[in-house]
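Proteins come first, then strands; the chains are lettered A, B, ... in the order of their sequence lines, and each starts at number 1.
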Protein chains: 2
Amino acid sequence: MAVTIRDVAEASGVHVSTVSRAFSAPHLVNPETRTRVLAIAEDLGYRPNRAARALTTGRTHNIGLIVADIANPFFPPLIKAAQAQARLRDYHVFVADTDEDPQVEEDLIQTLTKQVDGVLLCSPRLTNRTIERLREEVPFVVVNRRAKGMPTVLMDVGRGARQAVEHLTALGHRRIALVTGPSGSWTSKEMQEAAAAMNDVDVVFLGPNPPTELGGLAAATDVIASGATGVLAYNDLVAIGLIEGLAERGKNVPGDVSVIGVDDIVPGRLSRPKLTTIAMPTAAAGRIAVDLLLQSVDSAATAAATMLETALIVRESTGKAHR
Amino acid sequence: MAVTIRDVAEASGVHVSTVSRAFSAPHLVNPETRTRVLAIAEDLGYRPNRAARALTTGRTHNIGLIVADIANPFFPPLIKAAQAQARLRDYHVFVADTDEDPQVEEDLIQTLTKQVDGVLLCSPRLTNRTIERLREEVPFVVVNRRAKGMPTVLMDVGRGARQAVEHLTALGHRRIALVTGPSGSWTSKEMQEAAAAMNDVDVVFLGPNPPTELGGLAAATDVIASGATGVLAYNDLVAIGLIEGLAERGKNVPGDVSVIGVDDIVPGRLSRPKLTTIAMPTAAAGRIAVDLLLQSVDSAATAAATMLETALIVRESTGKAHR
DNA sequence: GACAGTGATACAAACGATTGCACTAAAGTA
DNA sequence: TACTTTAGTGCAATCGTTTGTATCACTGTC
């Protein structure tokens, strides 16, 4: 049915090995032969069978990309960038969604293992122990989690949080609430530590909260009770929910309270007021993670952590403190 | 390195073919032998090599999922559902993003072809001619486009548009603008036809427009000039942009103008005012498309079109006409 | 003129599974 | 008793590539 290397070989009167080398080791074959073979291959519409190639070389030229929830607006830009970068390197990407379930995550890794050269683990829900065990079977790159023994891509939310707090203090806010995320979150911990170390400002911590709009909505009363006029939320979804919750209680953003989110997701750019936020370099993270992964596929893994810069983007949800 | 069927065979003192059958043809092997083999396989941590299996069976147990833009909020729920459904059927999913480029789309299909049993084409940018040509090489299911000769999953935007217009007329609007999408869009055409057939209401068509917030933003002046008090936008992004454009010109939504979007994407649910919209059953589309695809993989393709219901969701961007 | 060196190609053995066929032994049939 | 049947298993070819080694015809060297 499909055209194989054998068909090309017969059509061009050479041995299959010559055809193979025409593609993968050009310097070993006569330039004339090569062009002829390539032309005939093109003609016949030959496409190498990657499964067969994988069998001999041990390289599938596939990678797995595992995220907790594709529908979470934080991930698509990362997936998109990772996929594009992989394509550039002639790799294909399996995308899998664990639905936030660690067991599913582990199963997925297990079945994917034989089919990929490496796995990109984004915001894993697995314990570090489990990750280290699975590490034996397939190379990993972990995004958004510190995991020793393997390459890691992190985003500098600590710096982002400092910038955010500075932005708020510059606007005259003296009492700031940090609406934290889930208790296990590395990101949340980083933000807390950074904020706690700031001078000239009162920081109160409100949380933990689910990392969703509902989480933000529910946090509104606590924020009002805290007396804070500036808020840094765990992420944009929480920030949007919070703004809604504040509005329900008669508080206007940014008139009464200033709110800053994290992630710079699309909904934040489109909400009203447009969200001031800490932009996460998700696309860069995707690209870099892919490169690190492919690197660690054919050489020893550099178990280094890569820290990416974040950036404060000021829009409409922050304003001067009136007091 | 990895444990193969051969290792299992040796460890259990049977031939590899018996091990193979213990997995794939249980009725051909003695129950006792089978349980023993399975236990040993489990013990050794044996995982079948899918590349090798693909080579002999011709079934990769992979499918390709091609979308124009992963970062477009319309797609993630569809991808998520498709991926989950595939997993249920023991299939893995390659996700690829064409960046709206038909050439990339074609290349992707070409390289993916040898690695998948079928391809899910979502809102393709390729011409029908090209799709029909590629159809020779791999089974397709097309979502959001009518394409003859292959299974198709469509969403009933025509009915949605009718409901939307009825909703507006019920609120007293007598002059309605339809802000259309790209000229090649099947969805846009469906909406136009449905709206044109309505009674008791003036419908003006404004477009074509790019299917983005910018498209909506730019359409604001035309909408105002048209004198329409109700608007049906090509999609939620356009609707959000339009609302912003109207606001810039002093028009309030829903006070002065009512706006309805299409898709029910997350940003629409979070924007202010919350968008009244036609919900598209994207998750169902993903699930059904996968099932159709797997079905057409091992039997003749049923080239039928499946039409999915849409639903009008009334939120805050529509209100009574004041006149 | 014999021989090493080299460039180009052919040969054949893998890779890890599946599967049609052959074989054996025990059970069923006449 | 001689036969067919059947259940259970082994054998070996096969899928489409890659790749180490063998072959062969030149060219250049001494």
Take the protein atom [atom1] of [X] and the nucleotide atom [atom2] of [N], then report the distance between them rounded to whole Å.
| X | N | atom1 | atom2 | result |
| --- | --- | --- | --- | --- |
| A:Asn49 | C:dC15 | CG | C1' | 13 Å |
| B:Gln115 | D:dG16 | CD | P | 15 Å |
| B:Arg47 | C:dC15 | CZ | P | 22 Å |
| B:Leu28 | D:dT9 | CG | C1' | 10 Å |
| B:Ile5 | C:dC15 | CD1 | P | 14 Å |
| A:Glu10 | C:dT9 | CD | C1' | 17 Å |
| A:Tyr46 | D:dG16 | OH | C1' | 7 Å |
| A:Arg50 | D:dC15 | CZ | C1' | 18 Å |

Which nucleotide in [options] has an atom nearest any side-chain atom of [X]:
| X | options | result |
| --- | --- | --- |
| A:Arg53 | D:dG16, D:dT18, C:dG16 | D:dT18 |
| B:Asn30 | D:dG8, C:dT18, D:dT18 | D:dG8 |
| B:Thr57 | C:dC15, D:dT19, C:dT18 | C:dT18 |

Taking any heavy-atom pair under 4.0 Å as a contact, classify [X]: base, sugar-phosphate, or nothing.
| X | result |
| --- | --- |
| A:Thr18 | sugar-phosphate |
| A:Phe23 | nothing |
| A:Arg59 | nothing |
| A:Ser20 | base |
| A:Arg6 | base |

(message) Between B:His15 and A:Arg21, which residue's closest nucleotide on DNA chain D lies nearer the 5′ terminus?
(response)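 This one resolves to B:His15.
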
(request) Let me know, please, whether B:Lys114 or B:Val14 comes out on the 5' side of the other along DNA chain D by nearest nucleotide. (result)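 First, find each residue's nearest nucleotide; the 5'-ward one identifies B:Val14.
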
(request) Identify whether the distance between the nearest side-chain nitrogen and carboxylate oxygen of B:Asp43 and B:Arg36 falls below 4.0 Å. (result)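 No.
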
(request) Could you tell me whether B:Arg125 and B:Asp101 make a salt bridge, using a distance below 4.0 angstrom between a side-chain N and a carboxylate O? (result)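 Judged by the 4.0 Å cut-off on N to carboxylate O distance, B:Arg125 and B:Asp101 do not form a salt bridge.
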
(message) With a cut-off of less than 4.0 Å, is there a side-chain N or O of B:Thr56 near OP1 or OP2 of D:dT14?
(response)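 Indeed not, no polar side-chain atom of B:Thr56 lies that close.
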
(message) Both A:Ser17 and A:Pro31 contact DNA chain C. Taking the nearest nucleotide for each, which residue is further toward the 5' end?
(response)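 The answer here is A:Pro31.
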
(request) Ignoring hydrogens and angles, tell me if any N or O in the side chain of B:Arg145 forms a donor-acceptor pair with the backbone of B:Ser185 under 3.5 Å. (result)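 The answer is no, because no donor-acceptor pair under 3.5 Å joins these two groups.
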
(request) Give me the ring orientation class for B:Phe23 and B:Tyr46: parallel if the planes are under 30° apart, tilted from 30 to 60°, perpendicular past 60°. (result)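 B:Phe23 vs B:Tyr46 ring planes: tilted.
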
(request) For the residue pair A:Gln115 and B:Asn49, confirm or rule out a side-chain donor-acceptor distance under 3.5 Å. (result)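 Note: A:Gln115 and B:Asn49 side chains miss the donor-acceptor criterion.
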
